[in-house]
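Heads up, the thing below is written out as structure tokens.
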Amino acid sequence: MKLQTKGDIATLLMDMPGRNANIWNRQTLDSFSTCLEQFAEDDSLKGLIITSAKASFLAGGDLEQIENIASGQQNAAELHAKSGALSELLRRLETCGKPVVAAINGTALGGGFELCLACHHRIIVPSAKVGLPESQLGLIPAGGGTQRLPRLIGVQDALGLLMKGNSLGAKQALKLGVVDAIVESDGLLGAAADWLSGEPQAKQPWDRRGFEVPGGDMTGSARNTIMVATAMFQAQTFGNYPAGKAILSCVAEGLRLPIDAALLVEKRYFVSLLLDPVARAMVRSLYLDLEAAKKGARRPSGVAPNSITDLGIIGAGLMGSGIALVAARSGLNVVVIDRSLEDTAKAHAYVDRFFGKRIAKGRATQADADAVKARIVLSTDYADLSESQIIIEAVFENREVKAQVSAAAESAAPGAVIASNTSTLPITGLAKAVSKQQNFIGLHFFSPVERMALIEVIRGEKTSDETLAMALDLVAKLGKVPVVVNDARGFFTSRVFGTYITEGIGMLGEGVAPALIEQAGLMSGMPMAPLGLADEVGLSLMHQVGEQTKADLGDDYKANAAAPVLAALVQEGRHGKAKSSGFYDYSENGGKRLWAKLAELYPSSAQQPSVDSLKKRFLYAQALEALRCVEEGVMVEAADVDYAAIMGWGFAPFTGGPLTMIDQLGAAKVLQECEHFANTLGERFEPPALLRELAKSGGKLR
Ligand code: NAD
């Protein structure tokens, strides 16, 4: 970091060497502090501009350092001594006696935005975002964010931002009052200097006499807001997320105190979270593992990077159109092939629908939509695929149709990688349709493609390193997160995720009350209840997949407890949400109610199991299947299970993923409980050998 001076104005330019983005760590804190003291002590300097030399402003705290601190078995006193440096520095900044302005030249998140909040004035460029995403990783802002934000914009709006952790665009930030002005990049530093040369305030509102929290303080309306927010948070998260509770406590307790004492309250709650397993689990799986995956941790090292410009897609249905949209938005030239030009038109209609909503909200223009559509060429002629470096087939889930289009794609572009978006058909078998099987791979996108970040990359028996590297380069180009798995029935995601739904449907057959099943599913931390989720997937589709698996496996087929229930519902004409009738009845206004006849078909037993035992069954059923995937080598790396489970189907994020959950609970305890379930409920809970070994050795999976 450097302090530059021009006349009586100093500029602190943040430019961390050797990194794409600035972050807070020991070195940057020290160097910032040195610059600040230099500015504060130099009487010839009247004002300070803080800005960054990188594309972003400052990305936040060093989470690797935080994870190290948290995972080293430290006690509260040690952690207390190590925390708080940022908070103290920012307090020094805002009380240095001279005006400071943040010239926010790019996105400022977490500790970066806390720096902005400690400045006396904030000017932002139109493209930058600001936010405090700490709660998404089980943490809270610890640089004064929980105290300055409610004092700046009031408790209600501040809680919305702190609890959800969403970021704000410049316009929204201005509307909420978290920034003071929006200025184009080329005028940013000039606008900051102009503010300093006016009559700038060098004292924060909360340090001025007679300060009042906007919208009311804890003696009035803020108290009610906190009470309502606490009740809502509990109802939505069932006590699984200590960070949300800590934010509510910080705001409620801190607002009764002067700012210096309030900052100490924040620090105490931050330390309590570092000692809690949830933050450690979430930081590792949802930040460190995820970042590693995005940077290509599983990319074969010997293969040179590919610059991908041209993508082919066969099948303009729900998936093909979604992939075309995402690819064109990433700047790729896309050719979409279908059986007729009318069929291909679905790809352009998909783009129109996507942009229609954004244009209505003022978040995009018709020109944006037209530019994306112009990159998607519609055709029925395979010759148009000749330039494609990768061709993804997303036609019907039918072996013969897939074989035919894959062979045609290979003839049109003999050197291209051919990828299948199949959700169930083994990749090694599909690869036999082409002559160069080494060029064939699975790329399993999830629906809706534009929202789901994970892509399951499936290596067939003959897939080459070059093909895998090309597929991973495409995933990176699309801005998505890959998980690399080996070919096996259901791959990784569908196989493990299916056990959650199966367990829920099986419970119904056992006589567990449907409302209890649904509530226990949500309380276990899953984003949707299992019977409602089954309706979304489609009961007839699940029934058909079960029947197909039975036919494919013959004597090896093991019946599951859900199969007879599914067969019975389909027999009753209950096909799922798409037909407005499944485990639930759906009304036209979007409401739903459990189907009344369920009680007759599956009467609830007089003695109902405890919620706790049901929650465990939901999470253990998935964790054991994930362990089997590790044992059988379906997972290329065990370390990928956790982030993939959370990103892929929302496995209870507070656990840090199935393997971290087993490690944190202890393999011996999980083994004992699964043995009990195996004896009482069936062999699906039979512990894999890996779990037995770990329980014996006291080792960990990760
Ligand atoms: P869809 O029925 O919406 O679309 C399939 C498209 O393929 C249609 O436009 C159809 O006209 C076209 N098509 C069929 N035969 C063709 C041929 N011979 N030549 C050219 N085009 C042909 O299906 P979808 O939901 O988009 O699924 C496509 C694939 O993606 C399937 O393999 C499915 O298993 C898989 N998948 C689906 C989902 C999902 O949620 N829908 C998720 C992941 C993977």
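Both counts, for ligands and for their atoms, begin at 1 and track the order of listing.
Ranking the protein heavy atoms by distance from atom 17 (C) of ligand 1 puts Arg339 CG, 3.5 Å first. Remark: minimum distance from atom 32 (O) of ligand 1 to any protein heavy atom is reached at Glu397 OE1, 2.4 Å. Nearest protein heavy-atom contact of atom 3 (O) of ligand 1 is Leu318 N, 3.0 Å. The nearest heavy-atom contact from the protein to atom 26 (O) of ligand 1 is Met319 N, 2.8 Å. For atom 40 (O) of ligand 1, the closest heavy atom belonging to the protein is Ser447 CB, 3.4 Å. From the protein, the heavy atom lying nearest to atom 2 (O) of ligand 1 is Phe396 CE2, 3.5 Å.
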message = Between Ser379 and Asp381, is the side chain to side chain donor-acceptor pair (under 3.5 Å) condition met? List the steps.
response = CA-CA 5 Å; Ser379 172; Asp381 185 356; 5.5 Å; no
ask   = How far apart are the C-alpha atoms of Ser340 and Asp343, what are their side-chain angles, what is the distance that settles it, and do they pass the side chain to side chain donor-acceptor pair (under 3.5 Å) test?
value = CA-CA 5 Å; Ser340 69; Asp343 283 317; 3.0 Å; yes
Working for ring-ring contact (aromatic ring centres under 6.0 Å, His included), residues Tyr350 and His348 = CA-CA 5 Å; Tyr350 195 98; His348 278 182; over 10 Å; no
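Shown here is Lys373, whose NZ atom has more than 12 heavy atoms of other residues, nucleotides or ligands within 6.0 Å.
Contact annotation: for Val395 versus ligand 1, heavy atoms closer than 4.0 Å belong to both the backbone and the side chain. The part of Val405 lying near ligand 1 is the side chain, judged by heavy-atom distances below 4.0 Å. By the criterion of a heavy-atom distance under 4.0 Å, the backbone of Phe445, and not its side chain, is placed next to ligand 1.
Numbered from 1 in the order shown, with element, the atoms of ligand 1 that lie under 4.0 Å from a heavy atom of Lys346 read 8 (C), 9 (O). Ligand 1 places these atoms under 4.0 Å from at least one heavy atom of Lys402: 31 (C), 32 (O). Annotation for ligand 1: atoms under 4.0 Å from non-hydrogen atoms of Ala316 are 9 (O). Of all the atoms in ligand 1, the ones that sit under 4.0 Å from a non-hydrogen atom of Ser423 are 33 (C), 34 (O), 35 (C), 36 (N), 44 (C).
Screening Asp289, Ile646, Asp642 for a side chain to side chain contact (heavy atoms under 4.5 Å, CB included) involving Thr660 leaves a single residue, Asp642.
Between Ala652 and Ser524, the shortest heavy-atom contact is CB-O, 3.4 Å. Summarising the geometry of Cys629 relative to Val496, their closest heavy-atom pair is SG-CG2, 4.0 Å, with the distance given to 0.1 Å. When all heavy atoms of Gly648 and Leu454 are compared, the pair lying nearest together is CA-CD2, 3.6 Å.
Shown here, atom 23 (O) of ligand 1 is out of close reach of the protein: none of its heavy atoms lies under 4.0 Å off.
For atom 30 (O) of ligand 1, the nearest non-hydrogen atom from the set Asp343, Ile323, Asn398, Asn421 comes from Asn421. Of the listed options Ala408, Ser494, Gly322, Gly317, Gly317 places a heavy atom closest to atom 4 (O) of ligand 1. Relative to atom 9 (O) of ligand 1, the option among Thr424, Asp338, Val401 with the closest non-hydrogen atom is Asp338.
In summary, the aromatic rings of Trp595 and Tyr586 are positioned with their centroids too far apart to meet the 6.0 Å limit.
With a 4.5 Å cut-off on side-chain heavy atoms, Thr424 and Glu397 count as touching. A heavy-atom distance below 4.5 Å is not found between the side chains of Ile313 and Val335.
Annotation: Thr422 places no N or O atom under 3.5 Å from an N or O atom of ligand 1; distance criterion only.
By the 4.0 Å heavy-atom criterion, Glu393 is excluded from the residues contacting ligand 1.
Ring pair Phe654/Tyr241 is perpendicular by interplanar angle, where above 60° counts as perpendicular and below 30° as parallel.
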